[in-house]
There are 2 protein chains.
Amino acid sequence: MGATKSENFTEKQNQMAIMLKALGHPARIAIMEFLMKTDSCICGDIVNELPLAQPTVSQHLKELKSAGLIKGSVEGTAICYCIDEKALEILRHYFGGISEHLEKRKNNCC
Amino acid sequence: MGATKSENFTEKQNQMAIMLKALGHPARIAIMEFLMKTDSCICGDIVNELPLAQPTVSQHLKELKSAGLIKGSVEGTAICYCIDEKALEILRHYFGGISEHLEKRKNNCC
DNA sequence: TTTATTTATTGCAATATTACGATAAATATG
DNA sequence: CATATTTATCGTAATATTGCAATAAATAAA
């Protein structure tokens, strides 16, 4: 016990959970918002922006990347990280769909 | 160490992280999808639907509720849980905004 | 090649999460 | 009230996450 029982859920459910879990930390939300708001995407800039040590930020970036939310490219000695638009489109569609569905059937019982 | 340093992030960032973290588990995604797809919202039905023991499901429901994603109401000896539309609207708006923003400035560097 | 700069990895301590059996709490029904 | 039904809580073991100092790895520039 202790570990998530992923094998009993659908591929899609696990995929959504992985992406949302990656976003379920304020530092990673802050990283995504920084990448969105600024034109810069150099890792060092992100480290300066966040109230966390460099190794911690590096770890958060790794998690966002492995969840498919950002991608990185080498830029000299620096690394440029960007939001993966495809992932964001999946999220937008997912929550858009739920909202629309709830809108349609106004039979909320609570 | 070990605990998230929430105090160094904005209220909004923490709020988003709390909601998304709550959705960052396949069982909780499955619960949300069940509540969306069926007319039922009885806790017992959710327990039957999920491949997890009743106390585990109860715990997941508690997390979704404390994150503001669902609300529950007593229905005799049963409890009826429903999606909180307001929370879903916040999520829809958040990801819609990011997607739109990315769409606008097509200058992705990666 | 040596040095500087930038990012990643390792190792570890502190804390949080996940899951479930046992049991309690709450409410309905006989 | 006693019993059945349904959900919540407690206690605990297994596992995962968070954060950082120390250090390694990678690349650029001198």
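Lettering follows sequence order; numbering is per chain, from 1. Reckoned from all heavy atoms, side chains included, excluding hydrogens, waters and symmetry mates.
The separation between B:H25 atom NE2 and D:dT17 atom P is 11 Å, rounded to whole Å. Computed from coordinates, the A:E7 CD to D:dT15 C1' distance equals 14 Å when rounded to whole Å. Residue A:I18 contributes atom CD1, which lies 11 Å from atom P of D:dT17 at whole-angstrom precision. Atom pair B:L50:CG and C:dC20:C1' shows a separation of 15 Å (rounding to whole Å applied). One can place CD of B:E75 at 15 Å from C1' of D:dT5, the figure rounded to the nearest angstrom. Taking atom CD1 of B:I31 as the reference point, atom P of C:dT18 lies 11 Å away to the nearest angstrom. Atom NZ of B:K5 is separated from atom C1' of D:dT17 by 15 Å (rounded to the nearest Å). For B:L23 and C:dT18, the CG to C1' distance is 17 Å, given to the nearest whole Å.
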Worked verdict on B:R92 versus B:E89 for salt bridge (Lys or Arg N to Asp or Glu O under 4.0 Å)
CA-CA 5 Å; B:R92 189 197 64 69; B:E89 183 51 33; 2.6 Å; yes

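Each of B:L35 and B:I42 belongs to its own hydrophobic cluster when Ile, Leu, Val, Met, Phe, Trp and Tyr are linked at side-chain heavy-atom distances under 4.5 angstrom.
With values rounded to the nearest 0.5 angstrom, B:S66 atom OG is found 8.0 Å from B:I18 atom CD1. With values rounded to the nearest 0.5 angstrom, A:E33 atom CD is found 11.0 Å from B:H101 atom NE2.
Cysteines A:C41 and A:C80 place their SG atoms closer than 2.5 Å to one another.
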Dump the pairs, protein N or O against N or O of nucleotides 4-10 of chain C, anything under 3.5 Å, distances to one decimal.
{"unit_1": "C:dT6", "atom_1": "O4'", "unit_2": "A:T77", "atom_2": "OG1", "d": "2.8"}
{"unit_1": "C:dT7", "atom_1": "OP1", "unit_2": "A:C43", "atom_2": "N", "d": "3.4"}
{"unit_1": "C:dT7", "atom_1": "OP1", "unit_2": "A:G44", "atom_2": "N", "d": "3.2"}
{"unit_1": "C:dT7", "atom_1": "OP1", "unit_2": "A:I79", "atom_2": "N", "d": "3.3"}
{"unit_1": "C:dT7", "atom_1": "OP2", "unit_2": "A:G44", "atom_2": "N", "d": "2.9"}
{"unit_1": "C:dA8", "atom_1": "OP1", "unit_2": "A:Y81", "atom_2": "OH", "d": "2.4"}
{"unit_1": "C:dA8", "atom_1": "OP2", "unit_2": "A:S58", "atom_2": "OG", "d": "3.0"}
{"unit_1": "C:dA8", "atom_1": "N7", "unit_2": "A:Q54", "atom_2": "NE2", "d": "2.7"}
{"unit_1": "C:dA8", "atom_1": "N6", "unit_2": "A:Q54", "atom_2": "OE1", "d": "2.9"}

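Mapping A:T4 and A:G76 onto DNA chain D by nearest heavy atom places A:T4 closer to the 5' end of the strand.
Not one side-chain nitrogen or oxygen of B:H60 sits closer than 4.0 Å to the OP1 or OP2 atom of C:dT17. Regarding contacts with the backbone of D:dT17, a side-chain N or O of A:K21 is found under 4.0 angstrom from either OP1 or OP2.
A perpendicular orientation is assigned to the rings of A:F9 and B:H25, their planes being inclined by more than 60° (bins at 30° and 60°).
B:I29 places a side-chain heavy atom less than 4.5 Å from the side chain of A:L20.
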